[in-house]
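In each ligand, atom 1 is the first atom listed, and ligand 1 is the first ligand listed. Bear in mind the structure is a predicted one, so any value in this text is a computation, not a measurement.
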Amino acid sequence: MVKVAPAMMCADLANLEREVRELEAAHVDQLHFDVMDGHFVRNIMGPDTMAAVRGITGLPFEVHLMVTCPDDYTELCARAGADIISFHAEASTSAYRTIKLIRKVGCQPGLVINPSTPPCAVRYILEDVVTITVMTVDPGFAGQEFIPRMLDKIEEVKALIADQGLNCLIQVDGAVNKRTLAQVIRAGADILVVGASGLFRAGQAYSTTVEEIKSLARSLRL
Ligand code: DX5
Ligand code: ZN
């Protein structure tokens, strides 16, 4: 079943508790927290928003580390309540070591690849992560344009996973919305990060959007 993961940087941060409760009631599957160091991407956001809501929900928290040195943030994110810590293949010079560090702090490791990074770059590490996130926009900001050629890449990553007989899930992050949803699901996405256009500024109740996504996924997967 396709999972829905709201990108919390797009939520109404002035009413975060209300947002989390509404998302929980809308049956989202996990929350996606972007952490940015202003260097790997030209935006800055820490794990404090995640820490602020850790105590009010049992939903799994996944951190998307858009930072130049992911090893420096594993402990901080674990303490802030992360369940999964996803780091960029482009940011880690020693991904096996980063994965070990993430497991050492009690979290599960995820890997992220930017739009211009080929799937073969993760071929020898896929079996050590629980999710591989295919960015469908250049990272750092919500509300960007979807990059259509990423659909082929999602299919290539799916094939890589199948070839190796792995059960690593494919997460898609960036401009997943009404216009791109069906193609992304058909290409093989298992987890959909939905941000501004896909959820928070979709102009309808979160529960309506989440139900629309899940029923579309059901119809496409049968
Ligand atoms: C962008 C972040 C995404 C983003 C998604 O760098 O990684 O999580 O917030 O927002 P939309 O869905 O609006 O692109
Ligand atoms: Zn993200």
Novice: Could you pull out all donor-acceptor pairs under 3.5 Å where a side-chain atom in residues 140-151 meets a protein atom, sequence neighbours excluded?
Specialist:
| residue | atom | partner | partner atom | Å |
| --- | --- | --- | --- | --- |
| Gln144 | NE2 | Asp138 | O | 2.6 |
| Gln144 | NE2 | Phe141 | O | 2.8 |

Novice: Does His27 form a side chain to side chain contact (heavy atoms under 4.5 Å, CB included) with Tyr206? I'd like the steps, not just the answer.
Specialist: CA-CA 9 Å; His27 302 300; Tyr206 298 154; over 6 Å; no

Novice: Hey, are Gln171 and Thr131 close enough side-chain-wise for a donor-acceptor pair under 3.5 Å?
Specialist: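 On atom types as modelled, these side chains do not qualify, holding no pair under 3.5 Å.
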
Novice: May I have the list of side-chain donor-acceptor pairs in residues 76-86 shorter than 3.5 Å, sequence neighbours left out?
Specialist:
| residue | atom | partner | partner atom | Å |
| --- | --- | --- | --- | --- |
| Asp83 | OD2 | Arg54 | NH1 | 3.1 |
| Asp83 | OD2 | Phe61 | N | 2.7 |
| Ser86 | OG | Glu62 | OE2 | 2.6 |

Novice: Are Lys214 and Asp29 close enough for a salt bridge, meaning some N to O gap below 4.0 Å?
Specialist: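 Answer for the salt bridge query: yes.
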
Novice: Near ligand 1, which residues have a heavy atom under 4.0 Å away from one of its atoms?
Specialist: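 Around ligand 1, where the cutoff is 4.0 Å for heavy atoms, the contacting residues are Ala7, Met9, Cys10, His32, Asp34, His64, Met66, Met135, Pro139, Gly140, Phe141, Ala142, Gly143, Asp173, Gly174, Ala175, Val193, Gly195, Ala196, Ser197.
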
Novice: Closer than 4.0 angstrom, basic N to acidic O: yes or no for Lys158 and Asp190?
Specialist: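 Yes, Lys158 and Asp190 are salt-bridged.
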
Novice: Side chain of Ser215, backbone of Glu212: donor and acceptor closer than 3.5 Å?
Specialist: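 Confirmed, Ser215 side chain pairs with Glu212 backbone.
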
Novice: Could you tell me how the ring of His32 sits relative to the ring of His64: parallel (under 30°), tilted (30 to 60°) or perpendicular (over 60°)?
Specialist: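 The rings of His32 and His64 sit tilted, inter-plane angle from 30° to 60°.
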
Novice: Name the residue from Ile154, Val112, Ile161, Leu160 that meets the side chain to side chain contact (heavy atoms under 4.5 Å, CB included) definition with Ile132.
Specialist: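 Answer to the side chain to side chain contact (heavy atoms under 4.5 Å, CB included) test with Ile132 among Ile154, Val112, Ile161, Leu160: Ile161.
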
Novice: Taking 2.8 Å as the upper limit, name the protein N, O or S atoms near the Zn ion (ligand 2).
Specialist: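 Result, waters dropped: His32 NE2, Asp34 OD1, His64 ND1, Asp173 OD2.
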
